Amino acid sequence: MTKHRWAWSEIDTRAIARNVEAFRDYIPASSLFMAVIKADGYGHGALPVARAAASAGADRFGVATVDEALELVEGGIKRPVQVLSEPPLESLPEVVSAGIIPAATRLAFVEELSRVATRQGVTATYHLKVDTGMGRIGIRPEDASRFLLHAAKLPSVQAEGIFSHFATADVEGDWEARNQARVFGEMLRGLAQDQISVPLKHLANTPGTILMPDAHHSMVRVGLGIYGLYPSAECRKHIKLEPALTVKARATFVKSVSIGEGVGYGLTWHAYQPCEIATLPLGYADGIPRLASNKMEVLWRGQRVEQVGRVCMDQFMVALPSGCGVAVGDEFVIIGAQDNEHIEMDELAAHAQTVNYELTCSLGGRLEKIYL
Ligand SMILES: *Cc1c(COP(=O)(O)O)cnc(C)c1O
């Protein structure tokens with residue numbers, strides 16, 4: 001299982017399925033569930049995640065790019081796949097022929113979508129993106145009616161959805177998140193008054209889904225949560241999720257060092273007592289943050305041990321008590337559980353001054369993924 005390399009990640013797809021089920025139970029039966037699997041399923045592998053999520057009742061999938069969407073379609077995923085931002089016009093022939101649903105933020109985009117769909121003899125759908133306060137992409141809410149009325153005159157194209165995105169939903173009771181929800185709701189009432197009907201309205205990402213039940217509308221878009229990660233500590237008390245990713249390694253080298261001996265680039269750590277130094281064969285090229293050097297811990301025999309010296313590109317070192325019996329081939333857990341102890345992704349992210357969102361993407365790069 002680790003024939004070529006003594007460092008790997010294990011992905012528990014059943015945990016992903018159980019997390020999707022937990023969200024399905026959490027939202028009204030009338031709301032659709034979009035599993036967001038951009039960035040190769042937040043580093044977990046888009047296709048295995050998609051299959052697990054589909055088996056647990058995910059209705060559709062959200063990605064960031066056309067290539068990510070094509071990977072799912074070509075991989076045999078039959079449920080709708082949406083690109084959550086507006087892709088380049090040049091991609092539209094492939095987007096339409098693959099049946100991918102793009103987001104739209106400009107009329108010129110919908111006009112081109114209409115031309116391409118007409119040429120291919122099909123009807124293309126899109127979701128209109130509205131900026132209710134995130135300040136990223138999207139038309140202003142007051143322009144939604146005009147946009148949709150104009151687009152409705154175009155042949156071969158239909159607005160299947162209208163959506164927006166939260167900036168601050170991870171803070172419970174946050175005023176600005178509540179204001180975004182209010183602006184979105186008012187815009188929807190305006191559309192209804194203008195007799196414009198758009199089937200799917202959606203606003204909530206993972207934190208919005210957990211903390212703002214009023215914002216579920218006709219669909220939620222959940223990324224982080226399906227991997228068993230929480231957007232903020234406040235979210236933990238509302239829903240029980242299981243982390244799907246474990247990162248493991250075996251010691252490739254062990255030696256005893258005496259007081260004063262240095263370890264690693266820059267010799268940033270020196271032994272303050274005799275100890276055993278074990279080397280693990282993974283590093284920042286695998287997503288282990290260099291910023292966590294001399295701060296992070298790993299598990300060995302269910303105990304925490306300190307990482308010492310700078311994390312290198314492909315290796316890092318850990319210090320163990322003198323005479324503890326650590327040996328080449330011993331298994332270490334970098335993220336996840338071992339016996340009764342565990343290290344969460346959030347802990348390592350904090351050492352690296354970042355968030356679990358970024359760390360999980362980085363860890364998806366070079367490490368071989370083993371699916372449980
Ligand atoms: C990434 C993304 C999501 C998922 O966000 P999470 O916080 O990971 O659930 C939802 N909607 C849009 C538009 C996104 O870009």
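Source: prediction; values computed, not measured. Counting starts at 1 for both ligands and their atoms, in listed order.
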To check your reading of the model: name the closest protein heavy atom to atom 9 (O) of ligand 1, its residue, and the distance in Å. Thr206 OG1, 2.4 Å
Is Arg221 in polar range of ligand 1, meaning some N or O pair under 3.5 Å apart? yes
Please indicate whether any nitrogen or oxygen in Pro207 is less than 3.5 Å from any nitrogen or oxygen in ligand 1. no
Show me which atoms of ligand 1 lie under 4.0 Å from any heavy atom of Tyr42. 1 (C), 4 (C), 5 (O), 6 (P), 8 (O)
Atom pair CG/CD of Leu72 and Gln82 - distance to nearest 0.5 Å: 12.0 Å
Atoms of ligand 1 close to Val222 [distance to a heavy atom under 4.0 angstrom, numbered from 1]: 9 (O)
Side chain to side chain donor-acceptor pair (under 3.5 Å) partner of Arg5, chosen from Asp286, Thr252, Asp314: Asp286
According to the interplanar angle, ranging from 0 to 90°, do the rings of His127 and Phe163 count as parallel (below 30°), tilted (30 to 60°) or perpendicular (above 60°)? perpendicular
Atom 7 (O) of ligand 1: which protein heavy atom is closest, and how many Å away? Tyr357 OH, 2.6 Å
Is it true that Glu86 and Thr105 share a donor-acceptor pair across their side chains at a distance under 3.5 Å? yes
Ligand 1 atoms in contact with Leu224 (distance to a heavy atom under 4.0 Å): 6 (P), 8 (O), 9 (O)
If you count every heavy atom of other residues, nucleotides or ligands that lies below 6.0 Å from Arg106 atom CZ, does the total exceed 12? yes
Heteroatom distance test (Gly223, ligand 1): nitrogen or oxygen, under 3.5 angstrom: yes
Measuring from His165:NE2 to Leu84:CG, what's the distance to the nearest 0.5 Å? 8.5 Å
How far is atom 1 (C) of ligand 1 from its nearest protein heavy atom, and which residue and atom is that? Lys38 NZ, 1.3 Å
